[in-house]
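Report on the following structure.
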Protein chains: 4
Amino acid sequence: MPKLKPDTQKARREHILDAAERCFAREGFQGTTMKDICRDAGVSLGALYVYFASKEDLIAGITERDRSKLTAQLTEVAAAPDLLAALARLGEHYTVEEPRYKQQLVIEIGSASVRSGPVGEIFRACDAAVLAQFEGLFARAEAEGKIAPKLNAKLLAQTIAVLGDGLFWRRAVDPNFDASAMVPIITALIGSLLNPIPAPAPYEPAPAAPAHLEVNS
Amino acid sequence: MPKLKPDTQKARREHILDAAERCFAREGFQGTTMKDICRDAGVSLGALYVYFASKEDLIAGITERDRSKLTAQLTEVAAAPDLLAALARLGEHYTVEEPRYKQQLVIEIGSASVRSGPVGEIFRACDAAVLAQFEGLFARAEAEGKIAPKLNAKLLAQTIAVLGDGLFWRRAVDPNFDASAMVPIITALIGSLLNPIPAPAPYEPAPAAPAHLEVNS
Amino acid sequence: MPKLKPDTQKARREHILDAAERCFAREGFQGTTMKDICRDAGVSLGALYVYFASKEDLIAGITERDRSKLTAQLTEVAAAPDLLAALARLGEHYTVEEPRYKQQLVIEIGSASVRSGPVGEIFRACDAAVLAQFEGLFARAEAEGKIAPKLNAKLLAQTIAVLGDGLFWRRAVDPNFDASAMVPIITALIGSLLNPIPAPAPYEPAPAAPAHLEVNS
Amino acid sequence: MPKLKPDTQKARREHILDAAERCFAREGFQGTTMKDICRDAGVSLGALYVYFASKEDLIAGITERDRSKLTAQLTEVAAAPDLLAALARLGEHYTVEEPRYKQQLVIEIGSASVRSGPVGEIFRACDAAVLAQFEGLFARAEAEGKIAPKLNAKLLAQTIAVLGDGLFWRRAVDPNFDASAMVPIITALIGSLLNPIPAPAPYEPAPAAPAHLEVNS
DNA sequence: CATGAATGAGCGTTCATTCAT
DNA sequence: GATGAATGAACGCTCATTCAT
């Protein structure tokens, strides 16, 4: 039976995970030492091992936390009235608002995921879940007559993934990358893929187009 | 004088670089030991250090080689009669023909590039060169009336980079990714960005569009 | 909090330093491996690095300890009623009582001191301090009318250094060197340099001569 | 049968030995690599091994050469009309005229000599020879009525060695050491030990004493 | 529970020496 | 003879992990 209150435990875990994120993003997974993380988190080595059994357990924890945040946000997107706008908002959040080190961390995680071990499994499971969420989202939207894509829902989801991950990567790797200029362009491309059908607003001629950016009309 | 012939030297370097590529892709940069590379290349530790001064020198060499191959291929693309087809061909080459470990290596290099050191500099220099090549390519194509894009050449180049890197990433990270299905879709998106103008073929009305996929008509 | 008590820490440091002294004297600085020292001290490699950051830190520590012991002993000499006897005692201590490996260590340190690095700085600083101590000692003795040297205090100090270091060197390098026979001879030479003035003992005709050097009559 | 003329061989050996001396003095024995010596001598690695079988063979060669030079010079001293002047001249040569790196090399050799191996044997053999030469020198001088020392010839030789080696050491180790000021002082001390008897020059009252410093009157 | 000293396998790298050319 | 590429044992040092306090 834990002597510490579960709340405190949870908070401590999160605190260490935050420190580990910063360190891994800065120095890479293998380039970060357990001591680095302790220093950054302000805890002792022994304390760290109370909460995480190993270094790998740390990235596993980070991966789990990050990706579960993403699936949560996708659930919100599913509920949004304007699908495209919600997606644009999501892209904006991840590539403009979040600090750059978060994207660098994603690269680190992706890199670790190709090696065997728990990280890869968590990463791929989350990735598959995200793709499935997208697929479901698009299938429903099409069934409801909100979009009229040329591609089936599965391919659509995969294409979105390519675009989103491309944004991630560029942001992480290119210091001159202007994410806020790129998000609308990518959004427009997604728009052209989804081909949204304007809601029939009787008596009011619908505003001509999705209008974010008329990439090619 | 028993100095090795430059040819042999060059070949040996390439051979070691190949082994290092495989190892780095498999285990990551820091997860690979110099001994691993020697075993894979079939050379002794001492011999390796005749050709490369350090582990970092190895990734620097790999980065340089890989990226110079890319710029060479881009020069070929620039000379191709059908720009879009050449780009599609390039994407096909990198994401379908090349073994998957090459993409995983790119991730490793990108990951290493965010840390300070020579790798980052080489990586970013090459990346900038590639972007500049694309920009020049598109500027010329527009000046020659071959394409009529909505975006300026610079943004166009950056968008292409997002799409291309997204392909790389998905291929590396998702074992279920079907690159050959995705390349045409991405090509179509690029087509919609470039908006190529069909060569005026008298008497014959040119086929309306690249038609793979009429992204939005 | 399980931080070791400062006493224990200090003792452990000294223990390792002792082992390092023996090893360095036996095999030389570069000829000694960190593992040798660990074996001799009975500690693990990791433990050694808790107390000393590097191999160089070890000789720096030794140099500092040895030379600070010397300056302490010189302070005692300064306070002694009979200067010459105190000096003889000092020479006796270093070249007869101390084990021979200590002299060999001095040679090792001197050898290392000519190369750049912290060892040289510490060594020279201590050496300069010792010379200055000697100089002050002699200046005071002369002012107080205890000695009547032909040389000024500075040259006197340097000459003493030559004699003392010569003793050191011979002891270290020549297995047949008979230090206990040599110390009185060197002492007599020093006596002839210092030219001590016998304390005026009234009513008693002072013993015939300063007799500095009737080494063997 | 050697293809090269013995002269060329000899010259090459000397040339390599010179380079090795410089390197060993600069970086120490173990701190010098065979490549360092090759670079300094301008020969290839393979060539070096034609002339010297190993690194140890190099210091053995150096030791032999240096020490045989010393014994040769002592033979000259023995033949000199004025013993004390000749000794002063010798000290002057070694500690003032020779470059400082030569003294540092002696320290290196002495340091190496305490370890087992051929260097120690050569060093000690030469050292014993030098002491014996001195002893013979002094015994003869005393028999011939040229000197009237208080010490026997053996102790005399050992004391000279202490003084000479002290000079060596100080010169090597103390960058502020003024050898040219110290040599006359040490010479005077030696004078006081030897106690030379002025040649009876009839009718001319012999000049009172060596007078540099009347160590003990 | 918390601490940080201790462990030791394993890392990147060096270098004396050999030997095919 | 001369060359320098090749060898591989051995070095100084690191760090994930354990555990006595």
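- Summarising the geometry of B/Ala41 relative to B/Ile16, their closest heavy-atom pair is CB-CA, 4.3 Å, with the distance given to 0.1 Å.
- For A/Arg39, the side chain to side chain contact (heavy atoms under 4.5 Å, CB included) partners at least two apart in sequence or on another chain are A/Lys35, A/Asp36.
- Between D/Arg12 and the phosphate of F/dA2, there is a side-chain N or O to OP1/OP2 separation shorter than 4.0 Å.
- Across all strands shown, B/Thr32 has heavy atoms under 4.0 Å from sugar-phosphate atoms exclusively, and none from any base.
- In the set E/dA16, F/dC11, E/dG10, the nucleotide with an atom closest to the side chain of C/Thr33 is F/dC11.
- As a whole-Å value, the separation of B/Ile16 CD1 from E/dG12 P is 15 Å.
- Between C/Gly46 and B/Lys35, the residue anchored nearer the 5' end of DNA chain F, judged by the nucleotide with its closest heavy atom, is B/Lys35.
- For D/Gln30 and F/dA10, the CD to P distance is 15 Å, given to the nearest whole Å.
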**OP:** Treat a base pair as Watson-Crick or G-U wobble with both distances under 3.5 Å, then lay out DNA chain E in dot-bracket form, 5' to 3', with | for cross-strand pairs.
**Re:** .||||||||||||||||||||
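- Residue D/Tyr49 has no polar side-chain atom (N or O) positioned under 4.0 Å from OP1 or OP2 of F/dA2.
- If you take NZ of B/Lys55 and C1' of F/dT14, they are 13 Å apart, rounded to a whole angstrom.
- Taking the side chain of A/Leu45 as heavy atoms from C-beta on, and the options F/dG4, F/dT3, E/dA5, the nearest nucleotide is E/dA5.
- Taking 4.5 Å as the limit, every side-chain heavy atom of A/Lys69 sits out of range of all side-chain heavy atoms of A/Arg65.
- In this structure, the CZ atom of C/Phe52 is 16 Å from the C1' atom of F/dC13, given to the nearest Å.
- Comparing F/dA2, E/dA2, E/dA5 by their closest approach to the side chain of A/Ser44 singles out E/dA2.
- Note on D/Gln9: a side-chain N or O is less than 4.0 Å away from OP1 or OP2 of F/dG1.
- Under the 4.0 Å criterion applied to side-chain N and carboxylate O atoms, C/Glu108 and D/Arg115 are assigned as salt-bridge partners.
- Contact record, B/Cys38 with B/Leu48: SG-CD1, 3.5 Å, taken as the closest heavy-atom pair.
- Considering all non-hydrogen atoms of both residues, B/Phe52 and B/Asp57 come closest at CA-OD2, 3.7 Å.
- Here the P atom of nucleotide F/dC15 and the CG atom of A/Asp36 are 8 Å apart, to the nearest Å.
- D/Arg39 has its CZ atom 13 Å from the P atom of F/dG4, to the nearest Å.
- No more than 12 heavy atoms of other residues, nucleotides or ligands lie within 6.0 Å of NZ in B/Lys5, so this atom counts as exposed by the packing criterion.
- With DNA chain E read from its 5' end, the first of the two nearest nucleotides for A/Val43 and C/Gly42 is the one closest to A/Val43.
- Distances from the side chain of A/Ser54 to the nucleotides E/dT13, F/dT17, E/dA16 place F/dT17 closest.
- Considering all non-hydrogen atoms of both residues, D/Val173 and C/Gly110 come closest at CG2-O, 3.9 Å.
- With both ends at atom C1', the span from E/dC1 to F/dT21 equals 13 Å, rounded to whole Å.
- When rounded to the nearest whole Å, the span between CD1 of A/Ile37 and P of F/dC15 equals 12 Å.
- Rounded to whole Å, the distance from CE on B/Met34 to P on F/dT7 is 15 Å.
- When heavy atoms are screened at a 4.0 angstrom cut-off, B/Tyr51 is found touching the sugar-phosphate backbone but no base atom.
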